[in-house]
Amino acid sequence: MLNSHHLLTLLLLFISCKEIKTEELLHNQNLIYFSSTRIAELGDEKWLAVQSKIDDKIKIEYIDDIIFASRFIDVNACGNYAGDIQFQKDSIYLMYKLLPGDLCTSRAIDKVTYIIKNPEMKEYKLAVK
């Protein structure tokens, strides 16, 4: 009886410590590829040179039925992010979602790249959301 009580307690402890994900990361089916690269963190030598690029327009290339888009984005240095896209009429919103987790007061600059299916070979307005 005592052994089964210990076993039950260990089992409950194990189950309660297991990480449960309540939300899977889904993305738009037209998003072929997404990448994010840390370019600089606040205090780095590169910071001042790269900081001015945050206000640059989105770099867009149309090649056949594919759209390549990239941009520099100011982010929380401790945050984790996921990329996605959203279509609305003649626009595509490039989304850079902050995932749940630890944050800090430090800033960083990431370069994000999206490769998007464009079967209609249409030119869209692109914006970061």
- Task: Report yes if some heavy atom in the side chain of Ile85 is under 4.5 Å from a heavy atom in the side chain of Met95; otherwise report no.
- Result: no
- Item | For Leu98, side-chain contact (heavy atoms from CB on, under 4.5 Å) partners two or more places apart | Tyr81, Leu103
- Query: Are Ile60 and Met121 grouped together when hydrophobic residues (ILVMFWY) are joined by side-chain heavy atoms under 4.5 angstrom apart?
  - Reply: no
- Query: What's the shortest heavy-atom distance between Gly83 and His27, and which atoms?
  - Reply: O-CB, 4.4 Å
- For Lys125, salt bridge (Lys or Arg N to Asp or Glu O under 4.0 Å) partners two or more places apart: Asp90
- Do Val112 and Leu94 have side-chain heavy atoms sitting under 4.5 Å apart? no
- Partner residues of Glu41 under the salt bridge (Lys or Arg N to Asp or Glu O under 4.0 Å) criterion, sequence neighbours left out: Arg38
- Close side-chain approach of Ile67 and Ile115, heavy atoms under 4.5 Å: no
- Query: Looking at Phe68, Tyr33, Phe87, which hits side chain to side chain contact (heavy atoms under 4.5 Å, CB included) with Ile116?
  - Reply: Phe87
- Message: Closer than 3.5 angstrom, by distance alone: can the side chain of Arg71 be matched with the main-chain N or O of Ile54 as a donor-acceptor pair?
- Response: yes
- Message: Would a single hydrophobic cluster contain both Ile32 and Tyr124, if residues Ile, Leu, Val, Met, Phe, Trp and Tyr are joined by side-chain heavy-atom contacts under 4.5 Å?
- Response: no
- Item | Set of residues satisfying side-chain contact (heavy atoms from CB on, under 4.5 Å) with respect to Arg107, sequence neighbours excluded | Trp47, Asp74, Asn76
- Item | Residue pairs, two or more places apart or on separate chains, that pass side chain to side chain donor-acceptor pair (under 3.5 Å) and touch residues 56-65 | none
- Query: Same hydrophobic cluster for Ile109 and Tyr114, using side-chain heavy-atom links shorter than 4.5 Å among ILVMFWY?
  - Reply: no
- Would you check if the side chain of Asp84 reaches a backbone N or O of Asn28 as a donor-acceptor pair within less than 3.5 Å? yes
- Query: Do you know the tightest heavy-atom contact between Gln86 and Lys129?
  - Reply: OE1-NZ, 3.2 Å
- Closest non-hydrogen atom pair, Tyr93 against Gln88: CE1-OE1, 3.1 Å
- Task: State whether a side-chain donor-acceptor pair under 3.5 Å links Ser36 with Tyr96.
- Result: yes
- Note on the structure: Between Ala69 and Leu126, the two heavy atoms sitting closest are CB-CD2, 3.6 Å
- Query: Got a second to check how far Asn80's CG is from Lys97's NZ, nearest 0.5 Å?
  - Reply: 14.5 Å
- Item | Pairs meeting criterion disulfide bond (SG atoms under 2.5 Å apart) with involvement of residues 45-101, two or more places apart | Cys78-Cys104
- Output the distance between atom CD1 (Ile73) and atom NZ (Lys111), rounded to the nearest 0.5 Å. 12.0 Å
- Report the C-alpha distance between Asp110 and Ile39 in whole Å, list the side-chain angles of each, state the deciding distance to 0.1 Å, and finish with yes or no for side-chain contact (heavy atoms from CB on, under 4.5 Å). CA-CA 5 Å; Asp110 288 355; Ile39 302 300; 5.9 Å; no
